[in-house]
Each structure stands twice: as structure tokens, then as C-alpha cells.
Amino acid sequence: MNVIFISPHFPHTYWEFCNRLQQDGATVLGIADAPYDSLPPQLHEALTEYYRVDSLEDYDQVYRAVAYFAFRYGRIDWIESNNEYWLEQDARLRTDFNITTGIQSDRIRQIKEKSAMKKIYLKAGIPTAQQLQASAGVKKALAFAARVGYPLIAKPDVGVGASGTHKLHSDEEVRNFFGNEPNYGNYVIEEFITGEICSYDAIIDAAGQPLFESMTVWPPSIMAIVNQQLDLSYYVAPSLPDELRELGRRTVEAFGVKSRFVHLEFFRSERGFVALEVNMRPAGGYTPDMINFAHSTDVYKIWADMVVYNESHTDQGEQYYCAFASRRDFYTYVHTHDEILARYGNDIVMCERMPELFSAAMGQQMYTVRLKSFEEVQEFINFVHEKSK
């Protein structure tokens with residue numbers, strides 16, 4: 001099998017996907033804009049060949065790279081980046097080279113645009129927040145607010161995380177949003193749902209069936225964490241509730257998901273689980289590694305098994321909570337770095353500085369632990385985040 005992996009060097013743990021593909025016997029071909037010598041040694045070993053382009057943003061260059069690999073190695077069976085930023089380009093490459101093992105260009109809209117996602121949720125009867133496209137104008141937005149109540153969330157129809165998101169608390173703020181946001185036509189406005197975010201993280205086979213399922217619990221508002229520079233914590237649970245499992249599988253069916261690692265977000269509120277958005281790629285940051293630690297497994301290998309064999313050859317072991325807590329350099333904390341290591345040293349599975357690109361949302365210094373109970377998770381987060389008064 002010939003597999004092209006786009007941007008295999010970023011995030012920096014993605015060499016693991018390539019490594020597991022190689023373990024499963026695939027020919028792994030990398031395309032990126034980083035110098036070959038800057039790639040980690042593990043990626044050097046996993047790749048059969050690497051093609052450097054000046055910019056991954058230049059479609060013509062990437063197209064030529066794929067064409068070169070097809071000429072040199074024969075038919076390309078798979079193209080993937082597992083990266084939100086490149087999903088549209090991945091789909092275009094598959095379409096142009098008639099690679100049918102992934103999402104094609106004609107389906108990209110429904111997984112990128114929140115307004116298109118909403119229609120699919122509603123058609124499938126999956127609970128979801130009420131939404132209005134801001135292009136309808138300020139009068140309809142005010143009528144929407146009168147019907148669903150404040151606050152409202154205005155966010156780009158296509159976007160990741162909290163970037164460009166506004167929380168609107170009154171008619172005046174709605175009017176200000178329309179008056180001050182020149183691109184409001186590209187926004188959607190949604191009712192505000194109170195509750196934590198729980199993601200259904202799964203690896204889906206070619207028949208749309210899950211090979212692996214997990215739940216990650218996130219803070220209610222990443223927007224507040226970014227805008228107010230709050231500390232971040234979240235965790236992977238040892239199991240997932242039946243309601244989330246059922247809604248996750250229904251969402252996979254509704255969106256026609258096949259042969260993918262997915263990260264589907266839901267609010268857990270007083271109304272039960274309410275769909276937020278779909279992401280047709282793994283959760284960001286170090287979450288795949290946290291999922292591994294929580295379930296004593298290897299999701300990089302499960303994904304590679306899915307690609308090569310359309311089944312999983314990878315077991316799970318003992319189940320844990322895996323919790324992440326990070327700090328920001330400008331705060332003063334009660335407990336020192338050394339005290340954290342002394343108290344949780346045997347439980348710490350990752351401890352490092354965060355890449356600058358992630359620091360706005362995730363802080364500068366992270367600690368990740370594997371624990372047996374939710375009470376221990378709460379104690380750990382409080383210990384890391386407690387600040388001096």
C-alpha cells in the first residue's frame with residue numbers, strides 16, 4: 001500500500017502515525033515544506049521518501065509532489081494529514097488523483113461549515129444548539145435572540161477553536177457585532193449552551209463502524225481560556241457514557257464517516273448531550289497520547305491498522321483517567337515545579353514546555369498524569385493551578 005502523509009512533522013507527534021504505517025508494511029511517503037534535516041529521526045526512519053515543497057499552501061507544488069510519487073511508486077492508495085488545516089486540500093488531492101479512500105471535494109463543505117453541519121444534525125434528529133446564519137441580518141438576529149435568550153455565541157462558519165468568536169449578552173451587543181464585524185456574513189449565531197464539552201473520539205472503519213471509542217472532557221469555554229488567559233485542564237475518561245456512545249455513532253452514520261479518526265464535540269448540559277460540531281481528524285495537541293495513556297493502547301497503531309487492514313490488531317489494557325493541567329509563566333503558583341514532580345512523579349506521563357503555537361490556548365508548561373479516580377484528577381488540577389494570593 002502506498003500512503004502519502006501530508007505535513008508528517010506537525011504536530012510533532014505525528015511521526016507516530018507514519019511509524020505505525022511502516023510497521024504495518026505500508027510504503028510511507030511524506031510531503032511538507034520543512035527541510036529534511038529538520039525532521040525528527042523517527043520520521044526519517046518511517047518515511048520511504050520525502051518530497052519537500054516551498055510551501056504547502058501552493059497547491060500546484062503539492063500536486064506535482066503527489067504526481068511524482070505516483071510515477072515512482074505506482075497508484076497512491078491513501079492521502080492523509082489528520083490535520084484540520086489541510087482537510088480541504090487533502091480532499092482536493094484525492095479527487096484530482098481519483099483516490100477513493102477518503103473524503104472528496106464534493107463533501108468537504110458539510111464537515112467544514114458549521115451551518116452545513118447543523119442541517120445534518122437536524123435531519124438525523126441529533127440534539128443540537130439552535131443556530132442562525134448571520135447573513136440573515138441584524139433584525140433576524142435580534143428576533144432570534146428574543147426567541148432563544150441571551151447570551152448568544154457568534155463564531156465563524158468555518159473555523160477552529162475560539163478564534164474570532166464573540167459572546168453577545170444584549171441587543172446592544174448584537175447591533176455592535178453587526179456594526180463592527182465586517183465579515184459578519186461569514187458567521188453563524190447560536191444559542192449559548194451551559195455545560196462542559198465532551199468529545200467522542202473514535203477510529204472508524206470502511207463500513208462506518210467504530211474500531212475504537214473514547215471520551216475526552218474539556219472545559220466549558222476555550223474562548224474564555226484564550227481571551228482571559230486562564231489555566232487549562234482537561235482529561236480523558238476511562239470509559240464513555242452509553243448516551244454519548246449512541247449519539248457519537250449516530251453522528252458518524254449521519255455524516256457518512258468512513259475510514260477516519262474523528263473528534264466529535266458535544267455539550268453535556270441539563271438537556272443531556274447536545275451536538276456542537278464535527279471534526280474529521282484527531283483531537284489536537286497531545287490528546288492522542290493522553291488517549292493512549294488512559295486506555296493502555298496505541299491509537300496511532302489502531303489508525304494505521306484501519307488504513308492497512310480495515311480492522312484493529314491492537315489491544316487495550318488497564319483503564320485510567322489521563323489528566324492534563326498547564327501553567328502560564330506570568331502567574332505565581334503556590335506549588336513549585338519540583339513540588340509537583342515530587343508529589344506526582346510516579347503518575348506523570350508527560351511533562352514539558354508547550355510549543356509557542358499552542359501556548360495562547362494551552363499555556364507554557366504542561367503536566368499530564370495517569371490516575372485511577374476522578375477525585376484524584378480534581379486534586380491534581382487544584383494542586384497544579386493553585387495560585388499565590
Side-chain angles (χ1 to χ4, degrees), residues 10-13 16 40 161-163 165 167 194-199 201 214-240 263 265 267-268 282-299 317-389:
F10 184 85
H12 76 259
T13 56
E16 306 230 33
S163 179
T165 301
K167 191 173 184 180
T194 302
E196 60 192 356
I197 297 173
C198 299
S199 63
D201 300 291
S214 179
M215 177 178 78
T216 307
V217 180
W218 308 80
S221 176
I222 295 295
M223 179 176 65
I225 288 169
V226 173
N227 293 342
Q228 300 173 37
Q229 293 290 276
L230 305 176
D231 289 326
L232 172 65
S233 64
Y234 69 101
Y235 64 90
V236 178
S239 60
L240 66 165
H263 171 63
E265 297 178 2
F267 287 111
R268 180 159 56 184
Y286 295 93
T287 309
D289 304 276
M290 292 173 61
I291 293 172
N292 285 343
F293 289 122
H295 301 296
S296 303
T297 193
D298 184 345
V299 293
E318 193 170 356
Q319 304 296 296
Y320 298 87
Y321 286 89
C322 186
F324 171 104
S326 63
R327 289 177 157 188
R328 299 188 185 275
D329 289 346
F330 51 77
Y331 289 134
T332 301
Y333 297 89
V334 170
H335 304 290
T336 66
H337 173 76
D338 288 341
E339 288 172 333
I340 295 171
L341 298 183
R343 178 162 176 172
Y344 290 101
N346 293 332
D347 301 312
I348 291 175
V349 291
M350 289 188 286
C351 173
E352 61 184 74
R353 300 288 292 179
M354 293 298 296
E356 186 62 32
L357 183 65
F358 297 151
S359 62
M362 304 187 76
Q364 282 80 35
Q365 174 65 46
M366 66 87 112
Y367 305 89
T368 304
V369 295
R370 187 162 65 171
L371 301 166
K372 280 304 236 179
S373 71
F374 182 62
E375 290 72 26
E376 290 177 302
V377 169
Q378 292 176 307
E379 290 174 6
F380 161 72
I381 291 170
N382 291 338
F383 191 84
V384 172
H385 285 171
E386 187 178 2
K387 296 180 181 62
S388 302
K389 297 181 180 178

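Position 1 is the first residue of the sequence; numbering continues from there.
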Check your understanding: Under 3.5 Å, is there a donor-acceptor pair between the side chain of Asp298 and the main chain of Asn292?
Key -> no
Exercise for review: Kindly say whether Val384 contributes a backbone atom to a donor-acceptor pair with the side chain of Glu386 at under 3.5 angstrom?
Suggested key: no
Check your understanding: Are the side chains of Asp231 and Lys387 in touch, meaning some heavy atoms are under 4.5 Å apart?
Key -> yes
Check your understanding: Between OG of Ser233 and CH2 of Trp218, what distance do you get to the nearest 0.5 Å?
Key -> 11.0 Å
**Study point:** From OG (Ser214) to NE2 (His295), nearest 0.5 Å
**Key:** 2.5 Å
Practice item. For the residue pair Leu232 and Phe358, establish whether any side-chain heavy-atom pair is separated by less than 4.5 Å. Key: no
Practice item. Kindly write out the residues that satisfy side chain to side chain donor-acceptor pair (under 3.5 Å) with Gln365, not counting sequence neighbours, or none if the list is empty. Key: none
Point to revise | Residues in side chain to side chain contact (heavy atoms under 4.5 Å, CB included) contact with Pro282, at least two apart in sequence or another chain | key: Tyr14, Phe17, Asn82, Phe261, Pro288
Point to revise | Heavy-atom side-chain contact between Gln364 and Arg327 under 4.5 Å | key: no
Point to revise | Non-neighbouring partners of Glu16 that pass salt bridge (charged side-chain N to carboxylate O under 4.0 Å, His left out), sequence neighbours left out | key: Arg20
Check your understanding: Given Thr287 and Tyr234, is the side-chain contact (heavy atoms from CB on, under 4.5 Å) satisfied, shown in steps?
Key -> CA-CA 10 Å; Thr287 309; Tyr234 69 101; 2.9 Å; yes
Check your understanding: Quick one: are Ile197 and Phe267 in side-chain contact, heavy atoms under 4.5 Å?
Key -> yes
**Study point:** Side-chain heavy atoms of Tyr235 within contact of Gln378, under 4.5 Å
**Key:** no
Revision key, fill the gap. When every non-hydrogen atom of Met354 is compared with those of Gly363, the smallest separation belongs to CB-O, 3.3 Å
Check your understanding: Under the 6.0 Å and 45° cation-pi test, does Lys372 pair with Tyr321?
Key -> no
Which pairs of donor and acceptor atoms, one on a side chain in residues 341-352, lie under 3.5 Å apart (sequence neighbours left out)?
from: Tyr344; atom 1: OH; to: Phe380; atom 2: N; distance (Å): 3.4
from: Glu352; atom 1: OE2; to: Tyr286; atom 2: OH; distance (Å): 2.6

Review point. Would you find a donor on one side and an acceptor on the other, under 3.5 Å apart, between the side chain of Arg328 and the backbone of Ser359?
Key: yes
Review point. Minimum heavy-atom separation for Ile225 to Ala361, with atom names?
Key: CG2-O, 3.5 Å
Practice item. For Glu196, enumerate each residue passing the salt bridge (charged side-chain N to carboxylate O under 4.0 Å, His left out) test, keeping only those at least two apart in sequence or located in another chain. Key: Arg268
Review point. Side chains of Ser199 and Asp201: do they bring a donor and an acceptor to under 3.5 Å?
Key: yes
**Study point:** Sequence neighbours excluded - salt bridge (Lys or Arg N to Asp or Glu O under 4.0 Å) pairs with any residue from residues 217-227
**Key:** none
Check your understanding: Are the side chain of Ser326 and the backbone of Met362 linked by a donor-acceptor contact shorter than 3.5 Å?
Key -> yes
Point to revise | Shortest non-hydrogen contact between Ala325 and His385, atoms and distance | key: CB-NE2, 3.8 Å
Review point. Any ion pair linking Arg370 and Glu318 (charged N to carboxylate O, less than 4.0 Å)?
Key: no
